[in-house]
Amino acid sequence: MTTPPTDVRRAQLTEGLGAVRARIAEACRSAGRDPAEVGLTVVTKYFPASDVALLAELGVRDVGENKHQEAADKRPAVAQLRGADDLRWHFIGGLQSNKTAAVARWADVVESVDRTKLVSRLATGAAERDAPLDVLVQVSLDAPGAQGRAGADPDDVPALTAAIAGAESLRLRGVMGVAPLGEDPAGAFTRLAEVAEAVRRDHPGATWVSAGMSGDLEQAVAAGATHVRVGSAVLGPRPVIK
Ligand SMILES: *Cc1c(COP(=O)(O)O)cnc(C)c1O
């Protein structure tokens, strides 16, 4: 991808961000919710550090990345461009066991914990931090037995949340889900809301529900999402992976 001049890119991102914020506001209005209840995480995977710096300038506070090495390199590059790093970096990708402790060193929120084995590795990495690492459990929203995307089976969520809550260096914040392709996202997000409610019964502080992307943020807001993760609707189509 050839990088457009900064002024052009700033204008593109301003427009994309404005459109997405308007969609969130409208979805909240339809659902009778206060827009202040819904946070926007802009998914910057595959886009350069210069875009993240522009987004921060435009008021974005949360960004999402799905590859450990890309994000571990991008975060210091953004800090250098801005002279500061006041962003909250979310890891939303599949966690490989051998990289999990390293993710805990740069991320502020890890949204994709889906098996108990990862918890002690994450806790070890997070033990070097000043403050506990915020963690979400990724819940599979696929039909049982479907050859699916990542995520814990809803039946396995109580054991997983208990393990996270028991780790001193981790702070259980809630759940995350991705609607399966080829299904009405409203049904998937309703199932996620039910899992989230069960989690809150055991862990009242775990109030976050991260759901909804460029194509389905309205359905996620209607089902009670507290955070939406939006990439292409803000940044444009993702560059081809190198
Ligand atoms: C890439 C990604 C997103 C953003 O997707 P868009 O369709 O570009 O908004 C959200 N969540 C996860 C887990 C992702 O991997």
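We're numbering straight along the sequence, starting at 1. Read the numbers this way: they start at 1 and go in the same order the structure lists the ligands and their atoms.
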Those atoms of ligand 1 less than 4.0 Å from some heavy atom in V230: 9 (O)
Checking the side chain of S112 only, and the main-chain atoms of G93 only, is there a donor and an acceptor separated by less than 3.5 Å? yes
E111 contact mode with ligand 1 (heavy-atom cut-off under 4.0 Å): neither
Please determine whether side chain to side chain contact (heavy atoms under 4.5 Å, CB included) holds for the pair V139 and R191, giving the CA-CA distance in whole Å, both sets of side-chain angles, and the decisive distance to 0.1 Å. CA-CA 10 Å; V139 180; R191 294 200 295 282; over 6 Å; no
Going by atom types only, do S210 and R229 share a side-chain donor-acceptor pair under 3.5 Å? yes
More than 12 heavy atoms of other residues, nucleotides or ligands under 6.0 Å from CD of E15: yes or no? no
Using salt bridge (charged side-chain N to carboxylate O under 4.0 Å, His left out), reason through E57 and R10 one step at a time and then give a plain yes or no. CA-CA 9 Å; E57 196 184 292; R10 185 186 288 110; 2.8 Å; yes
Distance filter under 4.0 Å to G231 heavy atoms, resulting ligand 1 atoms: 4 (C), 6 (P), 8 (O), 9 (O)
Shortest protein heavy-atom distance from atom 10 (C) of ligand 1, along with the residue and atom involved: M213 SD, 3.2 Å
Got the closest protein heavy atom to atom 15 (O) of ligand 1, with its distance? K45 NZ, 2.7 Å
Heavy-atom nearest neighbour in the protein, as seen from atom 11 (N) of ligand 1, with distance rounded to 0.1 Å: R229 NE, 2.9 Å
Below the 3.5 angstrom mark, is there an N/O of N66, backbone or side chain, next to an N/O of ligand 1? no
For atom 6 (P) of ligand 1, what's the nearest protein heavy atom and its distance? S214 OG, 3.5 Å
Reference residue V230; test side-chain contact (heavy atoms from CB on, under 4.5 Å); the match among L17, I24, L40, V42: L40
Report the relative orientation of the aromatic rings in W106 and F91; use parallel for angles under 30°, tilted for 30 to 60°, perpendicular for over 60°. perpendicular
Using a 4.0 Å heavy-atom threshold (strictly under), name the region of I92 that reaches ligand 1: side chain, backbone, both or neither. both
